[in-house]
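Predicted, not measured: the structure shown is a model, and the values here were computed from it.
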Amino acid sequence: MTYFNQVFAIAGKDLRSELRTKEALNASLSFAVVILLLFSFVVDPDSEMLEQMSGGLLWMVFAFSGVLILNRGFARELPNDCLDALIASPIPGSALFFGKAIANFALIAIIEAICFPVFGILYNLTWTAQLPVLVAVSALATWAMATLGTMFGALTVNMQLRELMLPMLIYPMLIPALMSAMQLTTLLVAGQAIDSEHIVWLRVLIAFDIIFTSLAAVLVETVLVG
Amino acid sequence: MRDKLIYGAGIFAALYFVRNLYVILLQLPDEAMQGAVYRIFFFHLPPYFTAVACFLGAAIASGLYLKTKNWKYDVFAVSATEVGLALAAINLVTGMIWGRQQWGIWWTWDARLTSALITWLIYLGYLMLREGIKDPSERAKNSAVLSIFAFFAVYFTYKANEWYRTQHPGPVLTIRTGKNTIDPAMQAMLFHNLGAFLLLAVVLVAVRMNLENSQRAVESLRRRAHAIA
Amino acid sequence: MTALQAHDLWKYYGDFAALQKVGFEFAAGSCVALLGRNGAGKTTLLRILAGLSQASEGEVRILDGNPRQASVRSRIGIIGHGIGIYDDLSAEENLLTFARLYAVPNPAKAVDHWLERTDLARVRRGKAREFSRGMRQRLAIARAFIHSPNFLILDEPFTSLDDRAIALLQGLLKDALHQGATVVLSTHQLKEALELATHVLLLNRGKLAFSGVRTAEMLANPGWVYQHYGEAA
Amino acid sequence: MDQRNFEYMFYGLAAAWTILCLYALLLTSRGRKIQSEIDHLKRMLDSSPKK
């Protein structure tokens, strides 16, 4: 029981200090909305072609604005050597990892919760036909981003080029998850259910989450302890 | 003694390549549809398999380093990854040239070609990470973890891209998938060239390991020199 | 009961040996002052004891366990160079977070107790960012003692404290030692540290130069150990 | 030998060969750089006063 208590102690701490300062949240939120706006110059907003691109556009927005939050993940621990205080506390490395991943997940979810309606309004798409499935798929993809973001945040925490290294490492590896999310979101935003042809992408997402979450939970301890 | 072995193997690999080239250029018949250009294939597929072998070796060595903290695994991991990157570059470039000839476009969004490029970027990130961390123990530990992650990511990349391509069939370099029955002589040459590339990879990895060891020696010498001077 | 024991301890950064063949043993209730110049390996040793990094070779046992064991870490209190406090959170939130991390049975009560004890009760809602230097140090002390540890690791604790914080820390350390806790603190021959110390360890370029009981003349002349066992010897 | 797309085959093989050579050159140049550093360090160590 104490494990969950410790995980949510860390997630709560991260969320509280992020929601209090909102520095990363505001930056990535405005970044996301700006890209959504810019996109209307790329494709003529009420064309049928936009329907094809909705998933791709949305997940590109989430991926790029999400990294601004992921960068803050471990940067928050650097002043006053708080990371040492956390590693020295009796919590297992995986608890620290899950705590931070959940905090990142929640923050990126906030961005998504705002971007989907904005997207719907700007491009007058009724995207809520398959809402429950859409939320599930977004959650899976966001968790993939949070897992890799937190893990590589831990890998690069002591580096000077941290802000540059994290995107460099995370994007190539995230492509399979992003591809799946894009395929499924395009389908769901258009209101169609996930048919037999696209079910494979759900499996890719689920397998991606399971494998990388377990890998990260096992290896994060070796990364954090010097 | 080790260096002599490396030179010997290097010369043998070179001779093996010359012999293969001779057979490819002069003895093998033309492929019905593509004419002469299919011969690139012998320098496109073998380096791909060798690169994957290098990356797998690097991932295994990284796992062993994490368990035993023995330096030679870290040295092997970085050498294998670097050689793998070089071979993957060959695979990429020859694939592009072949695609250019087949369909007149430089970048055919073929599933394998795209996955090869993503794989290349992933392992480029590995080398960047190593450059960014100064303390040798920290560098070895973190890059070992990244190498294991990278190998799983590459597996996912190839799987996802294949499915993506089956739904949006772009130009597929048919001979590469070997669907049609391949001429036995070509088949044999494929394995010969694979053998040559594997031998070359071993030689390059060995050379790169010597380099890494002497780099490490220089760093410690420099530290001691500063301490004294 | 030996609270702290190290045997043939080595620590490499690459091939630079930060710690070479360090060994010692101290019973519970002893207060060890760790002396040595900058770069002698004090912080490296303390980080290994605190479970922040692993020894390359050799073995360390704290409270009959490995420093990386959760059961051992839950009984260790640490004050490092950085104070380990989140500037965005309030004093109360900081202590509550660490109380939950250390699975303290009744977090709220422990937090109130230690805010009282470090005279921060008035500013419990204030953000750590707005605190003065002295208040931040007292909050760090409260964090280190929140789970009433019986092993304390302090990295040069007295150097940047104001007089009030020094008095507070000395009082707390005395009480802990009375209750049989063990303290390891690294210091630069400060009188306040040497007064408390029952034993002294001197590190010189990663090697153990002296390990023994703290004698009266060491207290009288803090540089005594260096002259007899340090670089000059 | 079919003359149809001979030049592309040549480009392909040439590309493969050049990449290999570039990498080999990279290795030897790094080898030489390290060798010069070793010599520099030796000079530094020999000339410095013996402690």
Side-chain angles (χ1 to χ4, degrees), chain A residues 1-26 72-100 102-103 107 154 157-158 218-226, chain C residues 11 13 18 43-44 46-56 65 67-90 93-94 96-105 107 127-129 131 136-137 139-140 143-144 146-147 149 151 153 155:
Chain A
M1 197 28 225
T2 57
Y3 186 81
F4 289 106
N5 197 339
Q6 288 161 342
V7 165
F8 287 110
I10 294 202
K13 159 196 78 75
D14 266 22
L15 282 176
R16 196 169 301 124
S17 62
E18 183 53 42
L19 294 178
R20 192 161 287 167
T21 57
K22 283 202 184 56
E23 37 179 72
L25 202 58
N26 291 345
R72 287 292 305 151
F74 274 89
R76 205 174 289 123
E77 307 294 336
L78 291 180
N80 304 333
D81 289 348
C82 294
L83 189 57
D84 283 351
L86 288 182
I87 297 172
S89 66
I91 59 169
S94 56
L96 178 58
F97 165 76
F98 280 118
K100 287 215 155 289
I102 289 170
L107 290 170
V157 65
N158 301 324
V218 166
L219 290 175
V220 74
E221 182 97 14
T222 57
V223 169
L224 290 173
V225 177
Chain C
K11 176 67 179 179
Y13 290 113
T43 304
T44 310
L46 288 180
R47 282 181 70 87
I48 292 176
L49 296 186
L52 294 174
S53 70
Q54 259 148 356
S56 310
R68 273 310 299 169
Q69 259 169 308
S71 57
V72 169
R73 289 195 331 245
S74 60
R75 288 183 285 156
I76 296 180
I78 293 158
I79 299 182
H81 279 300
I83 56 171
I85 295 292
Y86 292 99
D87 291 337
D88 301 333
L89 298 181
S90 71
E93 284 161 348
N94 263 302
L96 208 60
T97 305
F98 280 102
R100 285 174 68 193
L101 290 185
Y102 279 87
V104 169
K127 301 279 181 307
R129 185 187 304 284
F131 280 8
R136 287 161 72 92
Q137 279 145 8
L139 187 57
R143 172 186 58 76
I146 190 79
H147 54 298
F151 195 99
I153 298 175
D155 199 344

Suppose a student defines contact as a heavy atom less than 4.5 Å from any heavy atom of chain C. Which residues in residues 13-22 of chain A would they list? A:Lys13, A:Arg16, A:Ser17, A:Arg20, A:Thr21

Identify which of [options] forms the greatest number of heavy-atom pairs closer than 4.5 Å to chain A.
options                     : result
C:Glu93, C:Gln54, C:Arg143  : C:Glu93
C:Arg47, C:His147, C:His81  : C:Arg47
C:Ala128, C:Ser71, C:Ser74  : C:Ser74
C:Leu96, C:Leu101, C:Ile153 : C:Leu101

Hey, can you pull the donor-acceptor pairs under 3.5 Å for the side chains in residues 88-99 of chain A, sequence neighbours left out?
residue, atom, partner, partner atom, Å
A:Ser89, OG, A:Leu86, O, 2.5
A:Ser94, OG, A:Tyr3, OH, 2.8

Please tell me if the side chains of [X] and [Y] come closer than 4.5 Å, counting only heavy atoms from C-beta onward.
X        : Y        : answer
A:Lys100 : A:Ile10  : yes
C:Ser53  : C:Lys11  : yes
C:Asp155 : C:Ile79  : no
A:Phe74  : A:Leu224 : yes
C:Arg68  : A:Ile87  : yes

Would you call the rings of A:Phe4 and A:Phe8 parallel, tilted or perpendicular if under 30° counts as parallel and over 60° as perpendicular? parallel

Pick from A:Asp81, A:Asn80, A:Asn5 with the largest number of heavy-atom pairs that fall under 4.5 Å of chain C: A:Asn80

Under 4.5 Å from any heavy atom of chain A, what part of C:Leu89 do you find: side chain, backbone, both or neither? both

Under 4.5 Å to a heavy atom of chain A? For C:Arg75 that would be neither

So is C:Arg136 actually on top of C:Phe131's ring, under 6.0 Å and inside 45° of the axis? no

So C:Tyr86 and A:Glu77, side-chain contact (heavy atoms from CB on, under 4.5 Å) or not? Walk me through it. CA-CA 8 Å; C:Tyr86 292 99; A:Glu77 307 294 336; 2.5 Å; yes

